[in-house]
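First comes the structure, then the notes that go with it.
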Protein chains: 2
Amino acid sequence: MQKRPPRQPLSQQQVTDLLTGHDIQPTQQRLEIAQVLFARDQHLSADDVLKQVNQDTARASKATVYNTLGLFAAKGLIREVIVDPSRVFYDPNTCEHHHFYNVDTGELMDIDADRLALMNLPAPPTGTVADGVDVIIRIRNQATA
Amino acid sequence: MQKRPPRQPLSQQQVTDLLTGHDIQPTQQRLEIAQVLFARDQHLSADDVLKQVNQDTARASKATVYNTLGLFAAKGLIREVIVDPSRVFYDPNTCEHHHFYNVDTGELMDIDADRLALMNLPAPPTGTVADGVDVIIRIRNQATA
DNA sequence: CCAGTTTTTAGACAAAGTCCAGATCACGCG
DNA sequence: CGCGTGATCTGGACTTTGTCTAAAAACTGG
Ligand SMILES: [Mn+2]
Ligand SMILES: [Mn+2]
Ligand SMILES: [Zn+2]
Ligand SMILES: [Zn+2]
């Protein structure tokens with residue numbers, strides 16, 4: 001529910017702290033990948049990250065990118081967004097928030113949590129505990145009459 | 001918001017009417033597939049449908065199953081549920097409703113729309129129109145302390 | 001420096017889904 | 001009926017996303 005400042009590129013030190021603060025060993029590849037993810041508020045696929053990490057000299061393999069994104073998500077540093085059947089998006093914004101998903105363009109936009117209230121959240125079935133709530137508002141481009 | 005009766009296996013005639021009522025030519029394969037989908041309230045993957053359709057004599061190819069599920073969804077006869085990055089689920093229940101998704105088991109359960117209120121739905125960005133709202137409550141199995 | 005552990009990597013592999021071109025089917029008409 | 005035509009179906013090749021493996025490389029702490 002807390003407000004989050006607009007994202008801005010992070011210094012090497014800031015990224016390192018981000019990782020260590022989440023119990024993640026800051027290796028060269030992980031720093032590169034985090035740098036890309038946290039450069040700005042955005043929703044990137046694994047392949048997007050792979051391409052961006054490897055477009056200049058520094059490199060990380062496909063396996064490392066997938067492993068790292070999974071690790072970051074498991075450690076709560078980033079969030080997986082499952083909205084498109086063909087690929088997972090990774091979201092540097094872990095504050096509670098929701099999404100518009102444009103099914104025509106594939107564009108994904110944040111909705112601040114305080115702009116949308118959920119009432120009467122039903123309790124999880126016995127034997128299970130809630131892990132998170134995703135609200136996705138699917139939108140399409142207005143038909144040009 | 002309307003109540004929906006518990007699902008029960010449909011007669012050949014009922015399935016045919018269901019398809020024609022949605023502007024879908026009732027072919028042998030489409031009837032088979034609809035029969036499987038509407039047999040009861042459930043969430044099936046394309047592969048589930050393929051297996052069920054082909055377990056007894058009657059057959060439909062993989063291409064036909066995928067095409068047909070896509071067609072049914074496009075015509076509003078069934079609903080796609082995107083919740084698991086590895087496969088799409090198809091839902092015969094097109095009444096407005098939401099889902100529990102057990103990330104441990106992969107189980108998907110309905111939540112009646114009137115059990116959960118959404119307030120202040122934000123308006124879609126200009127140039128776009130809302131297409132639907134998905135609410136997914138991710139749950140996991142309670143840790144056995 | 002060494003030994004042990006963690007991380008990275010190339011490339012093989014798997015699974016879901018799409019595409020294609022030819023075969024089949026459905027249906028209206030003479 | 002028997003045709004012609006468009007819609008549908010099909011096997012199988014293909015693509016894309018993601019996983020796995022076993023070996024190389026990099027770190028770590030002593
Ligand atoms: Mn990807
Ligand atoms: Mn499937
Ligand atoms: Zn987001
Ligand atoms: Zn459902």
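In the text below, chain A, chain B and the rest are named by the order of the sequence lines, each starting its count at 1. Keep in mind it's a predicted model, so treat the numbers as computed, not measured.
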Tabulated below should be each protein N or O lying under 3.5 Å from an N or O of nucleotides 18-21 of chain C; please produce it.
residue, atom, partner, partner atom, Å
dT18(C), O4, K62(B), NZ, 3.4

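- What separates CZ of R87(B) from P of dA14(C) is a distance of 18 Å, to the nearest Å.
- The CG-P distance, from L69(B) to dC9(D), rounds to 12 Å in whole Å.
- Taking only side-chain nitrogens and oxygens, R59(A) never comes nearer than 4.0 Å to OP1 or OP2 of dT8(C).
- In terms of hydrophobic clustering, with Ile, Leu, Val, Met, Phe, Trp and Tyr side chains grouped at heavy-atom distances under 4.5 Å, F38(B) and I24(B) are assigned to a common cluster.
- Between dC9(D), dT8(C), dG18(D), one nucleotide has an atom nearer to the side chain of Q29(B) than all others, and that is dC9(D).
- If you take CG of D84(A) and P of dT16(D), they are 14 Å apart, rounded to a whole angstrom.
- The interatomic distance linking D47(B) (CG) with dA14(C) (P) rounds to 16 Å, in whole Å.
- In this structure, K75(B) atom NZ and dT8(D) atom C1' are separated by 14 Å, rounded to whole Å.
- Nucleotides of DNA chain D nearest to T68(B) and Q25(A) differ in position, and the one nearer the 5' end is that of T68(B).
- The side chain of S61(B) contributes an N or O atom lying less than 4.0 Å from OP1 or OP2 of dT10(D).
- Proximity of Q28(B) to the phosphate of dC9(D): no side-chain N or O atom is located under 4.0 Å from OP1 or OP2.
- In this structure, T68(A) contributes its side chain and V65(A) its backbone to no donor-acceptor pair below 3.5 Å.
- Put simply, CG on D23(A) is 14 Å from P on dT6(C), counting in whole angstrom units.
- Put simply, CG on L50(B) is 14 Å from P on dG12(D), counting in whole angstrom units.
- Side-chain atoms of D134(B) do not come within 3.5 Å of backbone N or O of R138(A) as any donor-acceptor pair.
- Under a 3.5 Å cut-off, the side chain of T20(A) and the backbone N or O of T16(A) do form a donor-acceptor pair.
- A salt bridge is absent between R115(B) and D112(B): the closest approach of a Lys/Arg side-chain nitrogen to an acidic carboxylate oxygen does not fall below 4.0 angstrom.
- In this structure, N120(A) contributes its side chain and A117(B) its backbone to no donor-acceptor pair below 3.5 Å.
- Partner K62(A) forms a side chain to side chain contact (heavy atoms under 4.5 Å, CB included) with one of L50(A), D47(A), N54(A), N67(A) and no other, that one being L50(A).
- Residue contacts shown for T27(A) are limited to sugar-phosphate atoms, with no base heavy atom under 4.0 Å away.
- Spacing between atom CG of L31(A) and atom C1' of dA26(D) amounts to 14 Å, rounded to whole angstrom units.
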